[in-house]
Amino acid sequence: MPHRSLEPGKYGMRGARASALAAERLDELADGVSSPVDTERGLAARLRYLTASTAGYTAMDTAGIAVTPRTLAAWLAEDQTPNRANLRRIETAYRDLRRRNVARSLIRRLNNDGRGTRVELHPHDQSGVREPHRRAGVAGHRSVNVRRWDAIVRAWAAGDERMLDERWTDEVLADLGSDWGGFEFASGVGFAA
């Protein structure tokens, strides 16, 4: 039974959209800089990545970073630190550019020459839901082999949450059969590449 109208948290259920958890996992796989943006090392690495190409400057413009070349040079020389709003924008620009740059590689690795990648899904947590409101029949975790990652990764790289959710539902949850509604909201999604 489809649960697109399910309201997470209404009766104490805990979980997030499985597609959002998959996006977080893809972000983890794509992340090249482990230091946070508000550290000297993390900021320097992100700024070097963004200023290494025209696409990086475009990503900064799209993220709303509107500083003079002098200010950007001061950031790169570590003579000046961006304010919190610009740190958030730098992180947004970095993630956007990084997603676009690694998408093709991720698709190749996840498709695994047609063999696909095993995905482990943990259903939403109903431990806080009173018995009359619990969804019956939700099994424990399930595993499914996903062979077609192209549309999922492209939607993730574009930052299109709606399309990512549709692709995740069609490419992953549909393979769970009639139990797919119990995994639309999940407590965990895991896979490696």
Side-chain angles (χ1 to χ4, degrees), residues 8 15-69 71-112 117 119-122 146 148-173 184-193:
R17 291 206 69 80
S19 59
L21 294 172
E24 288 176 14
R25 181 65 187 129
L26 288 167
D27 282 337
E28 291 169 5
L29 292 171
D31 198 14
V33 178
S34 58
S35 302
V37 71
D38 58 358
T39 64
E40 193 173 299
R41 182 178 175 163
L43 175 62
R46 284 167 179 79
L47 288 174
R48 279 193 308 273
Y49 190 79
L50 289 167
T51 58
S53 68
T54 306
Y57 285 99
T58 303
M60 287 192 291
D61 286 341
T62 302
I65 300 171
V67 296
T68 64
T71 301
L72 185 56
W75 289 352
L76 287 164
E78 298 177 10
D79 293 336
Q80 187 179 348
T81 304
N83 61 29
R84 287 187 192 272
N86 278 328
L87 285 174
R88 281 192 303 274
R89 290 180 188 117
I90 289 168
E91 181 66 16
T92 299
Y94 170 75
R95 291 221 176 265
D96 177 55
L97 182 62
R98 184 75 183 156
R99 280 179 171 189
R100 286 186 280 133
N101 285 346
V102 302
R104 195 174 2 203
S105 172
L106 270 177
I107 289 171
R108 183 180 42 76
R109 290 174 16 217
L110 290 167
N111 282 342
N112 194 15
T117 299
V119 175
E120 190 170 294
L121 300 157
H122 294 266
V146 180
R148 299 173 308 275
W149 286 89
D150 305 56
I152 293 168
V153 173
R154 277 197 300 272
W156 163 79
D160 188 342
E161 293 176 13
R162 184 191 59 76
M163 182 56 72
L164 175 61
D165 190 57
E166 286 179 19
R167 296 294 90 215
W168 186 259
T169 301
D170 292 347
E171 303 291 336
V172 179
L173 298 182
E184 192 172 9
F185 286 88
S187 59
V189 171
F191 53 90

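We're numbering straight along the sequence, starting at 1. Source: prediction; values computed, not measured.
Checked against side chain to side chain contact (heavy atoms under 4.5 Å, CB included), Glu24 has the following partners two or more places apart in sequence or in another chain: Leu21. Arg108 is linked by a salt bridge (Lys or Arg N to Asp or Glu O under 4.0 Å) to nothing, counting only residues two or more places apart in sequence or in another chain. By the side chain to side chain contact (heavy atoms under 4.5 Å, CB included) test, Ala20 is found to be paired with Arg17, residues two or more places apart in sequence or in another chain being considered. Looking at residues two or more places apart in sequence or on another chain, you find a side chain to side chain contact (heavy atoms under 4.5 Å, CB included) between Arg48 and Ala44, Ala45. Residues forming a ring pair (Phe, Tyr, Trp, His ring centres under 6.0 Å) with Trp168 (at least two apart in sequence, or on another chain): none. Residues satisfying the side chain to side chain contact (heavy atoms under 4.5 Å, CB included) test with Ala85, not counting sequence neighbours, are Asn83, Arg88, Arg89. Remark: Arg99 pairs with Asp27 by the salt bridge (Lys or Arg N to Asp or Glu O under 4.0 Å) rule, at least two apart or across chains. Legend: residues meeting side chain to side chain donor-acceptor pair (under 3.5 Å) with Glu91, ordered by chain and number and at least two apart, are Arg46, Arg95.
Contact between Arg100 and Ala55 at its shortest, heavy atoms only, is NH2-O, 4.4 Å. Among all heavy-atom pairs drawn from Ala18 and Val189, the shortest one is O-CG2, 3.8 Å. Looking at every heavy atom in both residues, Leu43 comes nearest to Pro82 through CD2-CD, 3.4 Å. In terms of heavy-atom proximity, His122 sits nearest to Ala186 at O-CB, 3.0 Å. Summarising the geometry of Trp156 relative to Ala23, their closest heavy-atom pair is NE1-O, 3.4 Å, with the distance given to 0.1 Å. Heavy atoms only, all atoms of each residue included: Ala30 and Val102 are closest at CB-CG2, 3.4 Å.
The structure places CG of Leu121 at 6.5 Å from CG of Leu173, a figure rounded to the nearest 0.5 Å. Put simply, CG on Asn111 and CD1 on Ile152 are 9.0 Å apart, with the number rounded to the nearest 0.5 Å. From Leu164, atom CG reaches atom OG1 of Thr169 across 9.0 Å, with rounding to the nearest 0.5 Å. To the nearest 0.5 Å, the span separating OG1 on Thr71 from CG on Leu76 amounts to 11.0 Å. Note: Arg167 CZ to Asp165 CG = 10.5 Å, rounded to the nearest 0.5 Å. Rounded to the nearest 0.5 Å, atoms CD1 (Ile90) and CD1 (Ile65) are 5.0 Å apart.
Checked by atom type and distance alone, the side chain of Arg148 never pairs as donor or acceptor with a backbone atom of Glu171 at under 3.5 Å.
Pairs passing the salt bridge (Lys or Arg N to Asp or Glu O under 4.0 Å) check and including a residue from residues 72-84, sequence neighbours excluded, do not occur. Among residues at least two apart or in separate chains, there is no side-chain hydrogen bond (donor to acceptor under 3.5 Å, both in side chains) pair with a member in residues 29-41. Residue pairs meeting the salt bridge (Lys or Arg N to Asp or Glu O under 4.0 Å) criterion with at least one partner in residues 152-164, sequence neighbours excluded, are Arg162-Glu166. Among pairs with a residue in residues 49-58, those fulfilling side-chain hydrogen bond (donor to acceptor under 3.5 Å, both in side chains) read Tyr49-Asn101, at least two apart in sequence or across chains.
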| message | side-chain contact (heavy atoms from CB on, under 4.5 Å) for Leu26 and Leu110? Distances and angles first, verdict last. | response | CA-CA 10 Å; Leu26 288 167; Leu110 290 167; 3.9 Å; yes
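Val146 is not listed as a side-chain neighbour of Phe191, based on a closest heavy-atom distance of 4.5 Å or more. Counting heavy atoms from C-beta on, the side chains of Tyr94 and Val33 come closer than 4.5 Å.
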